[in-house]
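Because the structure is a prediction, the values reported are computed rather than measured. Just so it is clear: chains get the letters A, B, ... in the order the sequence lines come, proteins before strands, and each one is counted from 1.
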Amino acid sequence: MNVNVQFFSYFKQLTGTSATSEALPEGATVAELLTALAARFPKLRGGEKSTLVAVGVEYAAKDQVLREGDEVSVFPPVQGG
Amino acid sequence: MNVNVQFFSYFKQLTGTSATSEALPEGATVAELLTALAARFPKLRGGEKSTLVAVGVEYAAKDQVLREGDEVSVFPPVQGG
Amino acid sequence: MIRTLTISPDPIDEAALVAKRRMSQGMGAAVYFAGVVREMEGERALKGIDYEAFRAMAEHQFHLIFAAMKQRWPVESVRVVHRIGFVQVNEASLWVEVIAPHRGEAFAACQFLIEEMKAKVTIWKRGIEETAA
Amino acid sequence: MIRTLTISPDPIDEAALVAKRRMSQGMGAAVYFAGVVREMEGERALKGIDYEAFRAMAEHQFHLIFAAMKQRWPVESVRVVHRIGFVQVNEASLWVEVIAPHRGEAFAACQFLIEEMKAKVTIWKRGIEETAA
């Protein structure tokens with residue numbers, strides 16, 4: 001299956017892109033997506049603990065199972081205000 | 001000695017006046033002034049615990065010694081805001 | 001610390017006060033409080049509140065509170081306006097602005113000021129009932 | 001509870017926002033917070049901050065926070081304005097108004113909103129240095 005991924009804040013600089021898509025096995029979790037992304041974008045490695053993930057407009061836990069066509073957002077801690 | 005006394009808030013209604021003066025023995029304290037005022041203005045009696053006193057613009061404790069000509073203010077708890 | 005205190009019967013023009021804000025480039029937080037007269041006090045319907053002040057002492061006590069704020073927080077500026085006389089329901093009787101480098105300081109100092117004011121500043125209120133002449 | 005949220009690159013006209021306040025006769029407290037861009041961030045002199053938002057999620061997360069406020073406090077109205085894009089030093093990036101019956105509720109709800117926002121709302125900042133082009 002494929003999921004769409006967008007990056008925010010300095011994750012766009014680390015990856016060199018604002019959006020990509022990732023092919024994953026059925027039943028893959030957010031954690032597996034992050035592992036796949038870290039393989040493609042080595043500068044993302046090491047920051048996993050402070051990496052936040054959303055599916056659509058909701059925060060997603062690392063064990064959340066992804067589905068075909070999910071719109072996933074990957075970003076560092078937020079800093080509004 | 002004489003001290004000048006002004007009342008605020010509903011103490012003006014209780015005493016029927018906004019200001020008076022009181023003759024006291026030399027060395028009299030705030031507590032003694034309040035006793036003298038309660039004798040003259042019976043409606044002040046019973047409220048001593050929540051009665052606040054200032055000399056000039058500073059709060060005064062009940063054992064503060066008064067002096068000739070002091071400007072004393074006597075009032076219930078404040079309620080600004 | 002800049003201290004601006006106004007005790008006055010005039011209506012409080014909050015928009016104009018906000019428009020006059022001055023804060024230096026090191027300041028990151030401005031906290032405001034507007035205290036507004038409510039319709040009900042206990043079971044009584046009010047048309048407003050009449051505020052009486054022992055003004056010289058009220059000013060002195062406000063300045064003692066400002067001095068205590070300066071001791072505790074890096075506040076750059078405090079502005080306080082308190083109305084006296086009759087204040088109609090739905091109008092502000094108190095307006096406070098506190099400017100500090102950070103949010104936590106500004107909120108803490110603003111709340112401290114209001115709490116100390118309610119304990120020490122010589123202002124009293126008297127509810128004016130709806131049915132009064 | 002009335003909820004008004006604006007996420008926009010336009011400067012925040014605080015005086016105009018205050019002038020538009022609506023509060024019912026049962027409300028006694030209005031608390032405001034203005035977050036202003038500071039000159040220094042760490043050791044760097046800034047000319048401003050660039051704010052980026054994942055807007056759809058930011059709006060959704062703000063509304064979740066508003067719903068949590070409504071659960072906890074009798075807030076009548078909350079208004080939030082957050083700027084995005086470049087915000088110059090000494091200009092406001094965030095403005096919040098909370099209206100409640102009493103002071104304690106309004107202060108608590110306002111601080112809750114800001115703290116939750118800083119944890120959950122998808123907005124990021126990037127300091128723009130004084131020397132940058």
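- Interface check for chain C: of the options D:A16, D:G26, D:G104, D:A19, the most heavy-atom pairs under 4.5 Å are formed by D:G26.
- Here D:P101 is the residue among D:A92, D:C110, D:P101, D:A106 with the most heavy-atom pairs under 4.5 Å with chain C.
- Sorted by first and then second residue, the ring-ring contact (aromatic ring centres under 6.0 Å, His included) pairs with a member in residues 7-26 of chain D form an empty list; sequence neighbours excluded.
- Using cut-offs of 30° and 60° for the angle between ring planes, the D:F107 and C:F107 rings count as perpendicular.
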Mind listing the donor-acceptor pairs under 3.5 Å that bridge chain D and chain C?
from, atom 1, to, atom 2, distance (Å)
D:E14, OE1, C:R21, NH1, 2.8
D:E14, OE2, C:R21, NH1, 3.4
D:E14, OE2, C:R21, NH2, 2.6
D:R21, NH1, C:E14, OE1, 2.8
D:R21, NH1, C:E14, OE2, 3.4
D:R21, NH2, C:E14, OE2, 2.6
D:M23, O, C:N90, ND2, 3.1
D:S24, O, C:N90, ND2, 3.3
D:Q25, O, C:E39, N, 2.7
D:G26, O, C:R38, NE, 2.8
D:G26, O, C:R38, NH2, 3.2
D:G28, O, C:V36, N, 2.8
D:A30, N, C:A34, O, 2.9
D:A30, O, C:A34, N, 2.8
D:Y32, N, C:Y32, O, 2.9
D:Y32, O, C:Y32, N, 2.9
D:A34, N, C:A30, O, 2.8
D:A34, O, C:A30, N, 3.0
D:V36, N, C:G28, O, 2.8
D:R38, NE, C:G26, O, 2.8
D:R38, NH1, C:H102, NE2, 2.8
D:R38, NH2, C:G26, O, 3.3
D:E39, N, C:Q25, O, 2.7
D:N90, ND2, C:M23, O, 3.1
D:N90, ND2, C:S24, O, 3.3
D:H102, NE2, C:R38, NH1, 2.8

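- Only the backbone of C:M27 comes within contact range of chain D, judged by heavy atoms closer than 4.5 Å.
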